[in-house]
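Throughout, residue positions are numbered sequentially from 1 according to the sequence presented. Predicted model only: the values in this text are computed from it and were never measured.
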Amino acid sequence: MASPKKKLQGLVAATITPMTEHGEINFSVIGRYVDYLVEEQGVKNVFVNGTTGEGLSLSISERCRVAEEWVTKGRNKLDQIVIHVGALSLKESQELAQHAAEIGADGIAVIAPFFLKPWNKDALINFLKEVAAAAPALPFYYYHIPALTGVKIRAEELLDGIQDKIPSFQGLKFSDTDLLDFGQCVDQNRQRQFAFLFGVDEQLLSALVMGATGAVGSTYNYLGKKTKQMLEAFERKDFSSALSHQFCIQRFINFVVKLGFGVSQTKAIMTLVSGIPMGPPRLPLQKASREFTDNAEAKLKSLDFLSCTDLKGGDMEACS
């Protein structure tokens with residue numbers, strides 16, 4: 001049975017894994033990172049070792065150490081720390097799930113294995129069930145990201161009867177632009193109190209209208225405060241203001257997407273905004289260019305997301 005932990009909701013930052021110039025994990029800045037999220041962005045939930053955290057590019061022991069550091073440094077500061085434990089190997093995924101339970105994480109999430117893929121719902125559920133069983137007391141979330149996994153099983157189909165097979169199942173991180181699928185997940189599971197966490201930051205308002213209960217995303221690392229304004233406007237039914245905030249966020253995301261926007265660029269922007277050196281990504285990803293960072297900085301300022309005083313003057317050499 002799942003533990004009676006409260007449902008994950010609101011904004012959840014998909015955390016970045018800070019690295020040194022030599023590609024080693026820089027554990028020393030994670031404490032600062034926790035404080036920055038809480039104090040500067042008002043974000044108190046994190047999703048660790050996911051796509052933004054380069055989880056699948058880390059070794060199992062590195063993933064364990066990163067999870068431990070977030071749980072240790074986030075204690076009494078963060079509300080919920082969910083660890084992504086998906087892997088290509090069932091055994092490794094189970095090991096990571098067990099470890100998350102042992103260190104006191106608040107939940108685990110799993111993507112579909114994406115090399116030897118499950119081709120139907122039953123095969124995927126069987127895999128997820130075995131991972132969840134390794135940490136039966138932890139809330140379990142399915143991380144739906146078909147563009148990266150290539151596993152096209154609709155989330156709506158997967159959720160049908162899932163709690164019968166996985167008693168600890170509590171919700172979905174939905175990182176796809178298919179709002180029909182997302183809407184049907186919500187519509188067909190109204191009685192079940194699932195967490196419906198949307199993962200496409202630039203479409204969050206649309207998902208809120210359809211019943212999203214929260215959001216997990218990389219931009220909440222540095223646009224958390226701005227996104228919270230949108231959530232607050234939505235909650236008080238000021239839809240005009242909510243839309244204005246969403247369009248403003250979209251202007252920035254649209255701008256950086258045209259320049260080429262991914263994990264590398266997220267690390268560069270976070271270094272710029274927070275002053276915490278996030279370092280380069282791990283191969284096969286390449287560092288963001290200095291040109292990208294300069295353009296992103298100018299756009300953030302033009303949209304009033306940043307004033308000169310907001311910039312913490314981080315070590316941009318890590319991203320240049």
Strictly distance-based, threshold 3.5 Å: is any side-chain N or O of Asn295 a donor or acceptor partner for the main-chain N or O of Leu259? no
With side-chain contact (heavy atoms from CB on, under 4.5 Å) as the test, pick out the partner of Pro18 among Val66, Thr271, Ile276, Ile30. Ile30
Tracing side-chain contacts under 4.5 Å among Ile, Leu, Val, Met, Phe, Trp and Tyr outward from Val263 reaches Leu285
Gap separating the CG atom of Asn49 from the OG1 atom of Thr17, nearest 0.5 angstrom: 5.5 Å
In the structure I gave you, are the side-chain heavy atoms of Met270 and Lys267 within less than 4.5 Å of one another anywhere? no
Would you say that Asn254 contacts Glu202 through its side chain, given a criterion of any heavy-atom pair below 4.5 Å between the two side chains? no
Counting N and O atoms only, with roles assigned by atom type, does the side chain of Asp79 sit under 3.5 Å from a partner on the main chain of Lys44, one being a donor and the other an acceptor? no
Any Ser264 side-chain heavy atom under 4.5 Å of Gln286 side chain: no
Residue pair Leu231 / Leu11, side-chain heavy-atom distance below 4.5 Å: yes
Would you say the side chains of Asn189 and Arg192 form a donor-acceptor pair under 3.5 Å? yes
Distance-only polar pair, side chains of Tyr36 and Gln41, donor-acceptor under 3.5 Å: yes
Please tell me if the side chains of Glu232 and Arg236 come closer than 4.5 Å, counting only heavy atoms from C-beta onward. yes
Is the backbone N or O of Thr213 less than 3.5 Å from a side-chain atom of Gln9, with the two atoms forming a donor-acceptor pair by type? no
Heavy-atom nearest pair, Tyr220 first then Leu204, reads OH-CD2, 3.5 Å
Can you see which heavy atom on Phe169 is nearest to which on Gln163, and at what distance? O-NE2, 2.9 Å
pair Thr266-Met278: side-chain heavy atoms closer than 4.5 Å: no
Would you check if Ile25 and Arg65 make a side-chain contact, meaning some heavy-atom pair closer than 4.5 Å? no
Does Asp35 pair with Lys73 as a salt bridge, N-O distance under 4.0 Å? no
Where the side chain of Glu62 meets the backbone of Ser59, is there a donor-acceptor pair that is under 3.5 Å apart? yes
Considering all heavy atoms of both residues, which atom of Lys299 and which atom of Arg251 are nearest to each other, and what is their separation? CE-O, 3.9 Å
One thing to verify: whether Glu21 and Lys287 come together as a salt bridge, which I'm taking to mean a side-chain N less than 4.0 angstrom from a carboxylate O. yes
Would you give the length of the straight line joining atom CD of Gln188 to atom CG of Leu159, rounded to the nearest 0.5 angstrom? 9.0 Å
Measuring from Leu128:CG to Leu158:CG, what's the distance to the nearest 0.5 Å? 6.5 Å
Value for SG (Cys64) from CD (Glu69), rounded to nearest 0.5 Å, stands at 13.5 Å
Do Thr20 and Asn26 have side-chain N/O donor and acceptor atoms under 3.5 Å apart? no
Pairs in or reaching into residues 127-145: which pass side chain to side chain donor-acceptor pair (under 3.5 Å), with residues at least two apart or in two chains? Thr51-Tyr143, Tyr143-Lys173
On a heavy-atom basis, the closest approach of Val38 and Lys77 is CG2-O, 3.8 Å
Indicate the atoms forming the closest heavy-atom contact of Pro118 with Ile153, along with that distance. O-CD1, 3.7 Å
Exactly one of Ile83, Val82, Thr15 clears side-chain contact (heavy atoms from CB on, under 4.5 Å) with Val46, and that residue is Thr15
Closest heavy-atom pair, Ser93 versus Val85, reported as atoms and distance to 0.1 Å, is OG-O, 2.6 Å
Inter-residue atom distance Ile16.CD1 - Asn221.CG, 0.5 Å rounding: 4.5 Å
Using 0.5 Å steps for rounding, measure from the CZ atom of Arg63 to the CD atom of Glu92. 8.0 Å
Would you check if Lys7 and Leu197 make a side-chain contact, meaning some heavy-atom pair closer than 4.5 Å? no
Salt bridge check: are Lys301 and Glu297 linked by an N-O gap of less than 4.0 Å? yes
Test salt bridge (charged side-chain N to carboxylate O under 4.0 Å, His left out) on Glu156 and Lys121; report intermediate values, then the result. CA-CA 10 Å; Glu156 169 220 341; Lys121 168 188 166 174; over 6 Å; no
Residue pairs meeting ring pair (Phe, Tyr, Trp, His ring centres under 6.0 Å), one or both in residues 237-280, sequence neighbours left out, come to Phe234-Phe239
